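Below is one structure, written out as structure tokens, with a few remarks after it.
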Amino acid sequence: GRHAAAKRQYSLRMVSGEESLALSGFEHNAVTPLGMATPMPLLVSERLRGLADGTAWLGGGEPDLKLRVDIRQFVASMQTAWPEVPVVFADVVGPERK
């Protein structure tokens with residue numbers, strides 16, 4: 001689509017729990033983009049902007065904690081708090097499910 005991030009602009013892959021903890025500072029099922037140990041770009045699905053209520057859920061830093069956020073406010077807050085961390089809206093599409 002017209003907002004798609006080119007494949008060469010990002011590389012997505014699952015990492016082990018140990019690697020995730022080292023990179024993010026959060027354990028498995030607790031990862032959040034808020035205060036990561038290793039700042040890294042935040043790739044956000046373009047589809048989130050089109051949600052009827054404009055909100056989504058994300059990890060809150062603990063396995064049983066999830067945060068409901070207003071997407072536009074969240075992105076603006078991330079860009080203000082961590083201006084060195086790019087936030088990119090893109091068509092993020094996984095493999096087709098059959």
Side-chain angles (χ1 to χ4, degrees):
R2 75 176 188 168
H3 296 290
K7 181 85 170 154
R8 70 182 183 286
Q9 291 177 302
Y10 61 89
S11 175
L12 302 175
R13 67 180 179 92
M14 298 297 290
V15 297
S16 69
E18 295 81 24
E19 210 173 353
S20 178
L21 178 60
L23 289 170
S24 70
F26 299 103
E27 64 182 278
H28 178 70
N29 283 338
V31 176
T32 179
L34 305 170
M36 292 188 78
T38 305
M40 59 186 74
L42 181 59
L43 186 60
V44 182
S45 174
E46 182 67 40
R47 294 178 184 183
L48 292 178
R49 282 202 247 210
L51 294 176
D53 68 355
T55 64
W57 293 89
L58 61 103
E62 293 289 332
D64 296 325
L65 178 63
K66 304 302 178 225
L67 305 172
R68 184 175 182 211
V69 298
D70 177 282
I71 298 300
R72 292 183 194 280
Q73 288 178 347
F74 173 72
V75 169
S77 296
M78 287 291 292
Q79 291 170 329
T80 299
W82 293 285
E84 70 281 4
V85 176
V87 179
V88 178
F89 277 96
D91 288 329
V92 182
V93 182
E96 293 294 322
R97 295 183 187 234
K98 297 182 181 190

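Predicted model, so just to flag it, every value in this text is computed and none were measured.
- In this structure, the side chain to side chain contact (heavy atoms under 4.5 Å, CB included) partners of Leu58, at least two apart in sequence or on a different chain, are Thr32, Pro33, Leu67, Val69, Phe74.
- Considering all non-hydrogen atoms of both residues, Ala37 and Ala22 come closest at CB-O, 4.2 Å.
- Between Ser20 atom OG and Met36 atom CE the span is 7.0 Å, to the nearest 0.5 Å.
- Considering all non-hydrogen atoms of both residues, Val85 and Pro41 come closest at CG1-CA, 4.2 Å.
- The CE atom of Met78 sits 5.0 Å away from the CG atom of Leu42 when rounded to the nearest 0.5 Å.
- For Thr80, there are no side chain to side chain contact (heavy atoms under 4.5 Å, CB included) partners two or more places apart in sequence or in a different chain.
- In this structure, Pro63 and Ala30 approach most closely via the heavy-atom pair N-CB, 3.5 Å.
- A distance of 13.5 Å separates OG in Ser77 from CZ in Arg72, rounded to the nearest 0.5 Å.
- In the hydrophobic cluster analysis, where Ile, Leu, Val, Met, Phe, Trp and Tyr join through side-chain heavy atoms closer than 4.5 angstrom, Leu34 is grouped together with Val44.
- Considering all non-hydrogen atoms of both residues, Thr55 and Asp53 come closest at OG1-OD2, 2.8 Å.
- Here the shortest heavy-atom pairing between Leu48 and Ala56 reads CD2-CB, 4.1 Å.
- Put simply, NE2 on His28 and CG on Leu21 are 12.0 Å apart, with the number rounded to the nearest 0.5 Å.
- Taken together through direct or relayed side-chain contacts under 4.5 Å among Ile, Leu, Val, Met, Phe, Trp and Tyr, Met40 and Val75 form parts of separate hydrophobic clusters.
- When the shell of 6.0 Å around CD of Glu62 is examined, it contains 12 or fewer heavy atoms from other residues, nucleotides or ligands.
- Summarising the geometry of Ile71 relative to Phe89, their closest heavy-atom pair is CG2-CZ, 3.7 Å, with the distance given to 0.1 Å.
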